[in-house]
Chemist: 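Got a structure here, written out as structure tokens. Questions coming.
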Amino acid sequence: MDPATNLQQYALLRTILDSLETGALRFYMGAGSQAERDANFKYLKDKLTPIIDHIWAKPTEIDCPDGYHDCDGYCVSYPCTN
């Protein structure tokens, strides 16, 4: 980590991301029916994908950095399971 990194910001970002992950899974899994789960999935995908695209600086086509894998258009650090 760069010594100039603001550790308070870094810690808060980790907290935000942890909350997002847990909240998104609860939101999706807490749906009462498959139709609600499908709607919740679409909502999360539609809202989160633009953020992911922005932070990975992906204009139109995926180009994951070395060590990352393209899993359905999302860069992840592990091989795809599909």
Side-chain angles (χ1 to χ4, degrees):
M1 186 178 306
D2 183 330
T5 299
N6 181 320
L7 294 179
Q8 286 181 310
Q9 287 179 346
Y10 178 84
L12 180 54
L13 180 58
R14 286 294 330 153
T15 301
I16 292 167
L17 294 172
D18 290 345
S19 179
L20 173 63
E21 179 182 18
T22 303
L25 292 172
R26 287 176 53 91
F27 179 73
Y28 172 74
M29 296 302 295
S33 68
Q34 186 60 51
E36 287 177 298
R37 197 169 294 118
D38 290 346
N40 288 355
F41 173 80
K42 181 179 180 339
Y43 175 82
L44 291 167
K45 185 174 188 263
D46 290 350
K47 297 295 185 186
L48 296 175
T49 297
I51 296 169
I52 292 166
D53 289 346
H54 181 77
I55 62 175
W56 283 101
K58 294 188 312 180
T60 54
E61 291 188 25
I62 187 90
D63 188 19
C64 296
D66 289 343
Y68 289 84
H69 305 270
D70 174 0
C71 290
D72 295 322
Y74 300 92
C75 296
V76 293
S77 60
Y78 50 85
C80 302
T81 57
N82 53 0

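Just so you know, these numbers come straight off a predicted model, no measurement behind them.
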Chemist: Does Y10 belong to the same Ile/Leu/Val/Met/Phe/Trp/Tyr cluster as L13, with side-chain heavy atoms less than 4.5 Å apart forming each link?
Modeler: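 Different clusters.
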Chemist: Following the transitive rule for hydrophobic clusters with a side-chain heavy-atom cut-off under 4.5 Å over Ile, Leu, Val, Met, Phe, Trp and Tyr, establish whether L25 and L17 coincide in one cluster.
Modeler: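 No, it is not one cluster - the side chains of L25 and L17 are not joined through contacts under 4.5 Å.
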Chemist: For Y78 versus C71, what's the shortest heavy-atom pair and its separation?
Modeler: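 Smallest heavy-atom distance, with atoms named: O-SG, 4.2 Å.
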Chemist: Taking all non-hydrogen atoms of both residues into account, name the closest pair between Y28 and N40 and its distance.
Modeler: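 Between these two residues, the closest heavy atoms are CA-CB, 4.3 Å.
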Chemist: Is the CD atom of Q34 crowded by more than 12 outside heavy atoms at less than 6.0 Å?
Modeler: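 Check passes, neighbour count above 12.
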Chemist: Can any side-chain N or O of S19 pair as donor or acceptor with the backbone N or O of T15 at less than 3.5 Å?
Modeler: no
Chemist: Evaluate whether atom CZ of F27 has more than 12 neighbouring non-hydrogen atoms of other residues, nucleotides or ligands under 6.0 angstrom away.
Modeler: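 Above 12, so yes.
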Chemist: What is the minimum heavy-atom distance between M29 and R37, and which atoms define it?
Modeler: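 So the minimum-distance heavy-atom pair works out to O-NH2, 4.0 Å.
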Chemist: Could D38 and K42 be called an ion pair, given the rule that one side-chain N must be under 4.0 Å from one carboxylate O?
Modeler: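 Salt bridge flag = no for K42 with D38.
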Chemist: How about C64 and W56: do any of their side-chain heavy atoms sit closer than 4.5 Å?
Modeler: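 The answer is no, as the side chains (C-beta and beyond) never meet within the 4.5 Å cut-off.
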Chemist: Taking all non-hydrogen atoms of both residues into account, name the closest pair between H69 and P79 and its distance.
Modeler: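 That closest heavy-atom pairing would be CD2-N, 3.6 Å.
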Chemist: I52, V76: one ILVMFWY side-chain cluster at the under-4.5 Å cut-off?
Modeler: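 They do not share one cluster, since no chain of ILVMFWY contacts under 4.5 Å joins I52 to V76.
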Chemist: From F41 CZ over to K45 NZ, what is the distance, rounded to the nearest 0.5 angstrom?
Modeler: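 Reported value, rounded in 0.5 Å steps: 6.0 Å.
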Chemist: Please round to the nearest 0.5 Å and tell me the distance separating atom CG of L12 and atom CG of L7.
Modeler: 12.5 Å
